[in-house]
Number of protein chains: 2
Amino acid sequence: MYVYIMYSSELIKGTLKTIVLKLLSDNQKMYGYEITQKVKELTGDKIQITEGALYPSLHSLEAEGILSTETVNIGKRVRKYYSLTKKGKSTSREKVSEFADFMNTMKFLLDIKPQLG
Amino acid sequence: MYVYIMYSSELIKGTLKTIVLKLLSDNQKMYGYEITQKVKELTGDKIQITEGALYPSLHSLEAEGILSTETVNIGKRVRKYYSLTKKGKSTSREKVSEFADFMNTMKFLLDIKPQLG
DNA sequence: GTTTAATGCATAATACTCTTATGTATTAAT
DNA sequence: ATTAATACATAAGAGTATTATGCATTAAAC
């Protein structure tokens with residue numbers, strides 16, 4: 001899903017949609033390339049979303065009615081802006097809070113001290 | 001990989017090996033079924049490792065030289081205990097700290113405030 | 001006492017998601 | 001004039017998990 005100068009492949013799996021939905025909840029509308037750059041920038045290159053992972057994911061989110069699109073011509077170049085639908089806004093909140101909960105669970109699980117006896 | 005009364009499938013992907021390695025670093029040796037029960041117990045049923053995910057994963061970790069095995073007969077039933085090799089101990093530390101780092105990155109990414117302007 | 005649930009291993013078909021590679025095209029930088 | 005960056009897209013392959021089985025023993029429930 002990503003290229004990770006830092007994180008191993010398997011570790012990061014499954015977080016793409018959550019990241020995308022969170023960025024879109026903060027930014028109104030964004031286009032694919034912009035998302036890749038934003039994530040790269042915000043994570044100091046630790047997470048780099050690849051296009052091969054992002055575009056299919058955006059398409060499926062649109063097909064699910066979570067994202068809507070708006071195509072804009074910038075000179076002769078095309079940009080496809082994505083934004084959250086009403087459904088998408090609640091999905092975004094759910095995904096982020098679910099992930100936050102999951103992080104708490106994992107934090108506990110990975111901090112557990114040696115079992116005695 | 002898991003059944004999750006609580007977490008969605010994609011969210012949890014990729015954490016299985018980290019969880020297993022952490023449990024084994026705290027418990028010396030454990031067998032497969034024991035691992036599934038321990039994770040279930042420690043997470044209040046939020047993460048339930050399925051056998052179809054766990055056993056192939058344990059086998060591949062063994063093949064990589066990260067785990068070693070010891071088969072014990074309990075009556076007529078067989079238990080296969082897994083423990084970390086020397087290599088496995090350092091792999092376990094690396095995986096856990098990598099995940100901790102990843103959680104920090106994600107926490108930042110998912111907490112970012114609306115972009116102005 | 002007999003059926004069900006729990007313990008304990010294992011694998012195979014399917015599905016899903018990501019990686020890697022490729023393709024097209026425009027615009028900016030060297 | 002070439003390379004890098006911008007901007008989209010898809011397809012082949014790989015990896016991992018889900019779901020469904022399968023076998024067998026032991027404990028619990030009825």
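So you know, we letter chains A, B, ... as the sequences are listed, proteins then strands, and number each from 1.
In terms of position on DNA chain C, the residue among B:Gly52 and B:Gln37 whose nearest nucleotide sits closer to the 5' end is B:Gln37.
For the pair B:Tyr55 and C:dC9, the criterion of a side-chain N or O lying under 4.0 Å from OP1 or OP2 is met.
At whole-Å resolution of the value, CD in B:Glu34 and P in C:dA6 are 18 Å apart. Distance B:Glu51 CD to C:dA6 P: 13 Å, rounded to the nearest Å. Residue B:Leu54 contributes atom CG, which lies 14 Å from atom C1' of C:dT11 at whole-angstrom precision. Straight-line distance from the CZ atom of B:Arg79 to the P atom of D:dT26: 11 Å, rounded to whole Å. Rounded to an integer number of Å, the gap from A:Lys80 NZ to D:dA7 C1' is 12 Å. Across the protein-nucleic acid pair, A:Ile49 atom CD1 and D:dC8 atom P stand 13 Å apart, rounded to whole Å. Atom CD1 in A:Ile35 sits roughly 13 Å away from atom C1' in D:dC8 (whole-Å rounding). Whole-Å rounding puts the B:Tyr31 OH to C:dA6 C1' distance at 11 Å.
Every residue two or more places apart in sequence or in another chain that forms a side chain to side chain donor-acceptor pair (under 3.5 Å) with B:Glu62 is listed here: B:Thr69. Evaluation of the side chain to side chain donor-acceptor pair (under 3.5 Å) rule for A:Ser68 yields A:Ser83 as partners, not counting sequence neighbours.
Screening residues 28-37 of chain A for salt bridge (Lys or Arg N to Asp or Glu O under 4.0 Å), with sequence neighbours left out, gives A:Lys29-A:Glu70. Sorted by first and then second residue, the ring-ring contact (aromatic ring centres under 6.0 Å, His included) pairs involving residues 34-71 of chain A (not counting sequence neighbours) form an empty list. The list of ring-ring contact (aromatic ring centres under 6.0 Å, His included) pairs with a residue in residues 75-97 of chain B, not counting sequence neighbours, reads B:Tyr31-B:Tyr81.
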Report task. Take B:Leu23 and B:Leu42, measure what side-chain contact (heavy atoms from CB on, under 4.5 Å) needs, and give me the verdict at the end. Result -> CA-CA 11 Å; B:Leu23 285 179; B:Leu42 287 170; 4.0 Å; yes
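Between the B:Ser25 side chain and the B:Lys22 main chain, a donor and an acceptor come within less than 3.5 Å of each other.
Of the residues in residues 56-78 of chain B, those lying under 4.0 Å from DNA chain C by heavy-atom distance are B:Pro56, B:His59, B:Arg77, B:Val78.
Looking at heavy-atom distances under 4.0 Å, A:Gly32 makes contact with sugar-phosphate atoms alone, never a base.
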